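Reminder, nothing fancy here: chain letters follow the sequence lines and each chain counts from 1. For clarity, every value in this text was computed on a predicted model and none was experimentally measured.
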Number of protein chains: 2
Amino acid sequence: MSDQNKPYILIVEDEAPLVTLLRYNLEKQGFRVEDAGDGGEALTRITEAPPDLLLLDWMLPTMSGIELCRQLRRRPANRTLPIIMLTARAEDQDAVRGLDTGADDYITKPFSTEALIARIRALLRRSGTVPTKLKLNFHDISLDPASHRVLRNGRALHLGPTEFRLLEFFLRHPKRVFSREDVLNAVWGRDIHVEPRTVDVHIRRLRKAINGPGETDIVRTVRAAGYALDLDGTVAAA
Amino acid sequence: MSDQNKPYILIVEDEAPLVTLLRYNLEKQGFRVEDAGDGGEALTRITEAPPDLLLLDWMLPTMSGIELCRQLRRRPANRTLPIIMLTARAEDQDAVRGLDTGADDYITKPFSTEALIARIRALLRRSGTVPTKLKLNFHDISLDPASHRVLRNGRALHLGPTEFRLLEFFLRHPKRVFSREDVLNAVWGRDIHVEPRTVDVHIRRLRKAINGPGETDIVRTVRAAGYALDLDGTVAAA
DNA sequence: CGTTTCATGACAGAGCGATGACACTACCGT
DNA sequence: ACGGTAGTGTCATCGCTCTGTCATGAAACG
C-alpha cells in the first residue's frame, strides 16, 4: 500500500550477497528495492516500471554497467534517470569514465552503507524525486511536511512529534477508518511494542491540540473499529 | 555583471601555455576563469574568493598539488570544494592517491578539451553547486556569497567558516526543516565522519552570532526532526 | 441494567535539545 | 620559531518536553 509512496531503487548487481546486504539496508531506510542480475533483465524491468534511482554495478556478466548506462541515456524516457555506479577500487581509473557515459555519481567498493545512503538521498533530492513533500489539507487544516508546520484557519498549532506523525498519517488517508493496530503499524513502526490503548491517549492529545474553542472535532471515533479523520456529526445527511 | 552568475573555475598550473589553452576553452563554455601559478597563490585566492571548482596540477613548483589538496580538505571552509587533478600519464599510479587525499576526479595529460569539460560539468552537477552568487536574504538577514559578508539590520556579523556555510545552506532553503544528517551532508560533506550532535553546537554558535540582544531567533528547532530557518514562536497569543 | 468500549487526568520515566567546558588544531603576527 | 588567538569537534550535564501506562469516570450498546 504505502509501498507506492516509497522511492523505488533498482539494484543491478550479480553478486548475490551484496544484493542481500544492500536490499536489507535500503529497505530499512524506507526505500522499495528490486534487483536484476544482468543488464538484460535490468532493461526489461526499467522499461516496464522505471525506478526512481538505479544502483549499477560496473562489472556485469552479459552487458557491462557502462554499456547499460549508455543505452539508457540514449532512450529519451530514461535520459534523466538518476544512476549511481558501483565500482571496485582497482577499476578506479575506468570508473571515472562512467561519469562520461552519463552516470550521476559513483562509489568505490568497499563502501560504507552510510556513504551510499547519503549519496542516494542527495541524488534523489537533486533530481526532485521526492513526491512526499506536498502540503496536506483537510477541511481547515493544513500540514506542510517540508517546514513541519501545522495550521488551522491560519493559526499555527503546536504538536508533539508523535501527534504530528499521527495527523500526517490521517491526512494522507482522509475519511478512512483505521484500527489501533493499523495506526500503530503506520505511525509507530512495525516492530514496536506499544499497548493499543496508547493510541487513545494520543488521539486525545491530538484533539486537544488541533481543536480550538468552538471548533468542530475532525477526528471521528468509530466504536469497536478505530478512528478516522472526518467531520463527525456532519456526515449522515440523507 | 553576469560574470557573477557564471561558475567560477580556478586553475592551478605552472605551464603558461596550458593555462592559456584551458582558459580559452573554458571561457568559451561560459565559465569564469582565474589562475594561480603555485600553491601559495592558490591558497590566497581560494581564501579570499573560493571558486566553484578547482583544476589542480599534480606537479607544482613550491607545493605539490596533492599537498594543496590535503590542506584544503582540512579547512572547514573548503571541505566540499570540487577538485579535479591534472596528472601526467607517467604518474598514473600516484594519481589514484590524489583521490584518497580528497580530489573528486582526475584526468591524465594529454587530455581532450571535451573530456575535461564533461568531467567539469559532471562534477559541478554532482556536487550540487548551483552557481548562485546572488545575495541571499531572509527577514532582516542578508548574506553576500561574493564578499563573504553577513548583515543583520545593516549591522555586520562575524561568523566562523562553518557557521557561515551553515547559514548559507539554510538561506538557500528557507523555512524547510533539515535533519542533522541532512545538514552534515550538505555543510560538512558526505563522507566526513562527524557526530550528528555536533550540529547542535554549531546551531548554537550560529544563534549566538546572529541574534543580537532583543532580536528574534530565526533558527527554529523542530523536535525529533531537525532545524529550519524560520520565524518561530511569535505566533500563539490567544 | 450490565457489559463493553472509549475519554480523561495523573504520573513516572525516557528522550531530546541547550549549554558550558575542554582538548586539539590551524592560523596569524611578532 | 614561537606564542597568542580563533575555530572545531566531542562530551557531560541540566532542564524541559514528550511518552507510555494505568486508574477511574463516562458513554454506548445489547
Name the nucleic acid region contacted by [X], choosing base, sugar-phosphate or nothing; use a 4.0 angstrom heavy-atom cut-off, strictly under.
{"X": "T162(B)", "answer": "sugar-phosphate"}
{"X": "F164(A)", "answer": "nothing"}
{"X": "R75(B)", "answer": "sugar-phosphate"}

Can you confirm whether the side chains of [X] and [Y] place a donor and an acceptor under 3.5 Å from each other?
{"X": "T47(B)", "Y": "R75(B)", "result": "yes"}
{"X": "T80(B)", "Y": "R73(B)", "result": "no"}
{"X": "T198(A)", "Y": "R180(A)", "result": "no"}

### Query
Quick check: are there more than 12 heavy atoms from other residues, nucleotides or ligands sitting under 6.0 Å from OH of Y24(A)?
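Atom OH in Y24(A) is not crowded, with 12 or fewer foreign heavy atoms closer than 6.0 Å.
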### Nucleotides bounding contact with chain B, strand DNA chain D, heavy-atom threshold 4.0 Å
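So the outermost contacting nucleotides come out as dG7(D) to dC18(D).
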### Pairs touching residues 137-147 of chain A that satisfy salt bridge (charged side-chain N to carboxylate O under 4.0 Å, His left out), sequence neighbours left out
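Listed once each, the pairs are D140(A)-R152(A).
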### Message
Using heavy-atom distances to pick each residue's nearest nucleotide on DNA chain D, tell me which of L159(B) and H193(B) is more 5'.
### Response
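Nearer the 5' end of the strand: L159(B).
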### Query
More 5' along DNA chain D: E163(A) or E195(B), using each one's nearest nucleotide?
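Final value for this comparison: E195(B).
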### Task
Using five pairs at either end of the helix from dC1(C)-dG30(D) to dT30(C)-dA1(D), determine the angle between the two local helix axes and round it to 10 degrees.
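Here the local axes at opposite ends form an angle of 30°.
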### Message
Among L55(B), I84(B), L124(B), exactly one meets side chain to side chain contact (heavy atoms under 4.5 Å, CB included) together with R119(B). Which residue is that?
### Response
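Considering L55(B), I84(B), L124(B), a side chain to side chain contact (heavy atoms under 4.5 Å, CB included) with R119(B) is found only for I84(B).
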### Message
Out of the candidates K175(B), H139(B), R220(B), only one should pair with L231(B) under the side chain to side chain contact (heavy atoms under 4.5 Å, CB included) rule; please name it.
### Response
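When side chain to side chain contact (heavy atoms under 4.5 Å, CB included) is applied between L231(B) and each of K175(B), H139(B), R220(B), only H139(B) qualifies.
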#### Entry: Residues forming a side-chain contact (heavy atoms from CB on, under 4.5 Å) with T113(A), sequence neighbours excluded
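Partners of T113(A) by the side-chain contact (heavy atoms from CB on, under 4.5 Å) criterion, ordered by chain and then number, come out as N25(A), I117(A).
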### Task
Kindly write out the residues that satisfy side-chain contact (heavy atoms from CB on, under 4.5 Å) with S179(B), not counting sequence neighbours, or none if the list is empty.
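side-chain contact (heavy atoms from CB on, under 4.5 Å) check on S179(B) returns E181(B), D182(B).
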### Query
Reading DNA chain C 5' to 3', which nucleotide is the first, and which the last, to come under 4.0 Å of any heavy atom in chain B?
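Counting from the 5' end, contacts occupy dG15(C) to dC27(C).
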### Task
Let me know, please, whether A224(A) or Y227(B) comes out on the 5' side of the other along DNA chain C by nearest nucleotide.
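Upstream on the strand: A224(A).
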### Pairwise 5' ranking along DNA chain C for R74(B) and V222(B), keeping only the more 5' one
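Checking each residue's closest nucleotide, the 5'-ward one belongs to V222(B).
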### Query
For the side chain of E13(B) and the backbone of E15(B), is there at least one donor-acceptor N/O pair under 3.5 Å apart?
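Confirmed, E13(B) side chain pairs with E15(B) backbone.
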### ring-ring contact (aromatic ring centres under 6.0 Å, His included) between F169(B) and F178(B), intermediate numbers included
CA-CA 10 Å; F169(B) 169 67; F178(B) 295 94; 4.7 Å; yes
